[in-house]
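These notes concern the structure reproduced below.
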Amino acid sequence: MTDLSTAPANAALARVPRHVAIVMDGNGRYARRRHLPRVFGHKAGVDTMVRVVRAAAERGIEFLTVFAFSSENWKRPDEEVAGLMNLVLFTVQNHLADLQREGVRVRVVGDRSNVSDKVCEAIDRAEAQTAHNRRITLTVAFNYGGRWDVVQACRRIAAAGIDPAHIDEATIARHMALSHAPDPDLFIRTGGEMRLSNFLLWQAAYAELYFSERLWPEFDADELDAALREYARRERRFGMVQPEPSELVANA
Ligand code: IPE
Ligand code: IPE
Ligand code: MG
């Protein structure tokens with residue numbers, strides 16, 4: 001006989017999203033509340049990111065994509081931008097070995113054209129050293145914007161000389177920065193704002209949205225589980241009609 005007390009937990013486990021995307025927002029407010037410079041919040045945010053990748057892998061999530069620096073974040077004070085660039089070097093130096101040991105494949109997507117050679121080299125090293133890992137793929141969107149992504153895809157399609165009559169959604173998807181991953185199933189934003197801020201505009205077409213009040217440095221495995229439970233309760237329809245309640249029971 002089925003033990004009904006465990007049914008919701010099992011149902012939730014059965015519906016683990018393959019791909020979770022996160023807008024890691026709230027680092028600045030976290031620092032300000034402690035009367036510390038904003039970069040302190042970004043540093044705390046890196047620690048959270050490493051913990052969340054671990055938790056995501058333990059839960060069977062195959063792809064985690066995080067927004068670390070947007071195309072628009074160059075508009076911030078020079079000191080903060082420089083701090084964020086240095087943080088890439090710090091993260092590769094201090095966390096890459098652990099990520100590597102835990103089977104994390106690291107990919108970094110975004111516009112490299114304004115990024116220094118030193119930062120690009122650190123990114124290349126992180127990707128090369130973890131390229132064979134298969135447990136989870138962590139994609140870091142760095143100097144990324146959804147609109148930039150569409151533009152770079154169009155440019156590469158044009159450069160490849162593809163006949164316009166042969167361009168379809170699959171062609172575009174293949175040229176987008178996240179062509180190595182399925183579309184995100186669950187899109188989380190921390191920090192209480194309810195907007196996309198130019199993240200994954202193409203890929204998130206049918207993602208379930210989850211907004212957390214937690215500031216990113218305060219996000220943890222429990223809050224990830226809350227988002228996963230909410231995801232498991234959602235009914236994804238992809239444009240189809242809502243099934244009758246009787247059909248839902250029959251298919252359970
Ligand atoms: C998100 O945190 C990280 C980056 C944009 C780099 P913020 O720095 O935007 O934090 P808030 O929104 O100001 O609190
Ligand atoms: C989005 O956060 C970018 C990242 C988390 C990297 P922002 O803090 O830059 O977004 P807005 O300005 O509040 O829309
Ligand atoms: Mg913000």
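All ligand and atom numbering here is 1-based and tracks the order in the structure.
Ligand 2 has R189 within reach: a non-hydrogen atom of the residue lies less than 4.0 Å from it.
A salt bridge is absent between E213 and R29; no separation between the charged side-chain nitrogens and carboxylate oxygens falls under 4.0 Å. Salt-bridge annotation for R54 and E102: present, with a side-chain N of the basic residue lying under 4.0 Å from a carboxylate O of the acidic one.
Taking 2.8 Å as the limit, the number of protein N, O or S atoms around the Mg ion (ligand 3) is 1.
Distance check, rounded to the nearest 0.5 Å: NE2 of H95 to CZ of F90 gives 5.5 Å.
Heavy-atom proximity to R195, at under 4.0 Å, picks out these atoms of ligand 2: 11 (P), 13 (O), 14 (O).
Considering only heavy atoms from C-beta on, V104 stays 4.5 Å or farther from T130 through its side chain.
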Salt bridge (charged side-chain N to carboxylate O under 4.0 Å, His left out) evaluation trace for R34 with E218: CA-CA 13 Å; R34 285 159 181 76; E218 293 167 340; 3.7 Å; yes
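Among the candidates T190, D25, D220, the single residue satisfying the side-chain hydrogen bond (donor to acceptor under 3.5 Å, both in side chains) test with R214 is D220. Tested against T137, the residues E62, R107, R105, H19 include a single side-chain hydrogen bond (donor to acceptor under 3.5 Å, both in side chains) partner, R105.
Through side-chain heavy atoms spaced under 4.5 Å, either directly or across other Ile, Leu, Val, Met, Phe, Trp or Tyr residues, L196 is tied to V23, F67, V109, Y144, W148, L178, F187, M194, F199, L200, L201, L209, F211.
Every protein residue with a heavy atom nearer than 4.0 Å to ligand 1 is included here: M24, D25, G26, N27, G28, R29, R38, H42, A68, N73, R76, E80, L84.
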Output side-chain donor-acceptor pairs under 3.5 Å for residues 121-129, partner residues at least two apart or in another chain, one line each.
| from | atom 1 | to | atom 2 | distance (Å) |
| --- | --- | --- | --- | --- |
| D124 | OD1 | R112 | NH1 | 3.1 |
| E127 | OE2 | V108 | N | 2.7 |

